[in-house]
Amino acid sequence: MPGAEERAALAEENADGKPRADRRLRLLGTYVALSLRPAAGAWERCAGTAEAEQLLQAFLNRDAAEGPRPLLVVRPGPGGLAVRPGLEVRLESGPAGAKGLFFLRTGPEPPGPDSFRGAVVCGDLPAAPLEHLAALFSEVVLPVLANEKNRLNWPQMVCEDVRRHAHSLQCDLSVILEQVKGRTLLPLPAGSEKMEFVDSKSETVLDSIDKSVIYAIESAVIKWSYQVQVVLKRESSQPLLQGENPTPKVELEFWKSRYEDLQYIYNQLRTIKVRGMAKLLDKLQSSYFPAFKAMYRDVVAGEDQQVFSQMCLTQITVE
């Protein structure tokens with residue numbers, strides 16, 4: 001961490017000749033002020049609360065063997081600050097686009113009274129960490145890995161392994177981002193961009209497709225089938241099993257959300273790339289083609305069931 005801010009904070013502290021309870025709190029406040037730029041006195045008011053004081057002392061004094069957690073400072077409202085014991089804090093409670101600042105202990109011993117250098121690292125935390133990570137990975141990491149100049153001395157096997165893991169991580173991030181929105185994303189396998197040109201009557205196109213692409217497509221069918229079954233097996237009675245007492249409105253919202261998710265899955269299965277994948281499996285007489293057709297039928301049947309259930313529930317609610 002930079003030392004200029006630490007020296008400035010200590011110099012200001014010693015100027016009035018009055019000892020402070022803990023100089024390290026002053027150092028934390030300096031970084032918060034430089035990064036978040038809160039209103040005057042916001043850090044002092046925040047650190048003076050009983051909850052924040054307990055968290056701060058635990059972060060600064062607890063031995064690392066006891067499992068200290070990162071300390072996250074966020075700005076949940078205009079001119080206000082809040083301290084939370086980790087990254088589970090919900091940043092959406094603050095103003096739109098408001099970033100946070102995290103402090104992370106790096107060593108087993110508590111940081112010294114005069115400097116955090118080598119003992120604590122800090123950095124900005126975006127308001128939407130998942131979206132930020134996905135954008136960073138797709139716009140920075142993947143282009144760097146795709147540049148052949150960066151892997152001139154890599155063995156071919158290493159290149160393929162890195163490319164496969166990078167694609168897998170990108171798919172996982174995309175799936176998680178859609179799950180947050182209540183939707184199920186069916187990640188396309190590597191090589192699916194060639195599926196737009198697949199013609200089941202053309203032997204040339206089929207012969208030119210690498211076996212690794214076929215394996216990736218068959219693996220994707222297995223994963224998609226599992227994702228679809230997870231959606232179809234969701235029950236509106238889950239709140240009852242958890243001891244809650246849902247209203248008819250909750251029931252309607254469940255079926256509406258489930259229908260929209262199935263519609264989202266159906267639209268993905270109808271894209272040109274996915275249909276090209278199905279044609280390829282059919283042409284190759286793959287054992288995974290029946291599984292693909294069964295998955296498609298389940299989605300269509302699930303949509304029909306959704307419409308009927310919503311009609312019944314709407315009628316009951318009106319009556």
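Given the structure is predicted, the values throughout are model-derived calculations rather than measurements. Residue numbers run from 1 in the order of the sequence given.
- In this structure, Ser225 and Ala291 approach most closely via the heavy-atom pair OG-O, 4.3 Å.
- The shortest non-hydrogen separation linking Phe116 to Pro111 is CD2-CB, 3.7 Å.
- Put simply, the side chain of Gln268 gets close to the backbone of Thr184: a donor and an acceptor are under 3.5 Å apart.
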Exercise. After noting the C-alpha distance and the side-chain angles of Arg164 and Asp161, does the key distance pass the salt bridge (charged side-chain N to carboxylate O under 4.0 Å, His left out) rule?
Worked result: CA-CA 5 Å; Arg164 184 174 65 254; Asp161 189 59; 2.4 Å; yes

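- The structure places NZ of Lys279 at 14.0 Å from CG of Leu284, a figure rounded to the nearest 0.5 Å.
- When each of Leu28, Val120, Leu55 is tested with Leu60 by the rule side chain to side chain contact (heavy atoms under 4.5 Å, CB included), just one qualifies, namely Leu28.
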Problem set entry | Working for side chain to side chain contact (heavy atoms under 4.5 Å, CB included), residues Leu81 and Trp43 | CA-CA 7 Å; Leu81 292 171; Trp43 169 251; 4.1 Å; yes

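- Nearest heavy-atom pair across Gly100 and Leu36 is C-CD2, 4.0 Å.
- Rounding to the nearest 0.5 Å gives a distance of 10.0 Å between CG of Asn267 and CD1 of Ile265.
- Of all the heavy atoms in Phe254 and Glu235, the pair that sits closest is CZ-C, 3.5 Å.
- The shortest heavy-atom contact between Arg151 and Ala146 is NH2-O, 3.1 Å.
- Heavy-atom neighbours of Glu253 CD from other residues, nucleotides or ligands within 6.0 Å: above the threshold of 12.
- Residues Val231 and Phe292 share a hydrophobic cluster, clusters being chains of Ile/Leu/Val/Met/Phe/Trp/Tyr side chains in contact below 4.5 Å.
- Side-chain contact annotation: Gln156 with Glu160, donor-acceptor N/O pair under 3.5 Å present.
- Counting heavy atoms from C-beta on, the side chains of Leu173 and Phe137 come closer than 4.5 Å.
- One hydrophobic cluster, built from ILVMFWY side chains closer than 4.5 Å, cannot hold both Leu125 and Leu177; they sit in different ones.
- Taking the side chain as every heavy atom from C-beta outward, Lys211 and Tyr215 never approach each other to under 4.5 Å.
- Val158 is connected to Leu145 through a chain of hydrophobic side-chain contacts under 4.5 Å among Ile, Leu, Val, Met, Phe, Trp and Tyr, so both are in one cluster.
- In this structure the side chain of Asp124 reaches within 4.5 angstrom of the side chain of Ser35, judged on heavy atoms.
- With values rounded to the nearest 0.5 angstrom, Leu232 atom CG is found 5.5 Å from Leu262 atom CG.
- When only modelled atom types and interatomic distance are considered, Glu218 and Ser286 share a side-chain donor-acceptor pair under 3.5 Å.
- Counting heavy atoms from C-beta outward, Val221 and Leu281 have side chains that approach closer than 4.5 Å.
- Taking hydrophobic clusters as Ile, Leu, Val, Met, Phe, Trp and Tyr residues chained together by side-chain heavy-atom distances below 4.5 Å, Val228 does not share a cluster with Tyr264.
- Each of Arg234, Arg183, Lys181 was evaluated against Asp261; a single residue qualifies, Arg234, per the side chain to side chain donor-acceptor pair (under 3.5 Å) test.
- Two residues are said to be in side-chain contact when any heavy atoms from C-beta on lie closer than 4.5 Å; Val274 and Trp224 meet this criterion.
- Formation of a donor-acceptor pair under 3.5 Å by the Arg105 side chain with backbone atoms of Phe59 is found in this model.
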For this session: May I have the step-by-step check of salt bridge (charged side-chain N to carboxylate O under 4.0 Å, His left out) for Asp172 and Lys223, ending in yes or no?
Result: CA-CA 12 Å; Asp172 291 342; Lys223 184 173 183 178; 3.7 Å; yes

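- Inter-residue side-chain proximity for Leu269 and Met295 is flagged as met; some heavy-atom pair is nearer than 4.5 Å.
- Considering every non-hydrogen atom in both Gln227 and Pro187, the closest pair reads OE1-CD, 3.6 Å.
- Note: the hydrophobic cluster containing Val144 does not contain Leu136 (ILVMFWY, side chain heavy atoms under 4.5 Å, direct or indirect links).
- Between atom OH of residue Tyr296 and atom CZ of residue Arg275 there is a gap of 9.0 Å, rounded to the nearest 0.5 Å.
- Interatomic distance, Lys249 NZ to Lys256 NZ, rounded to the nearest 0.5 Å: 11.5 Å.
- Distance check: Ser174 OG to Leu169 CG gives 9.5 Å after rounding to the nearest 0.5 Å.
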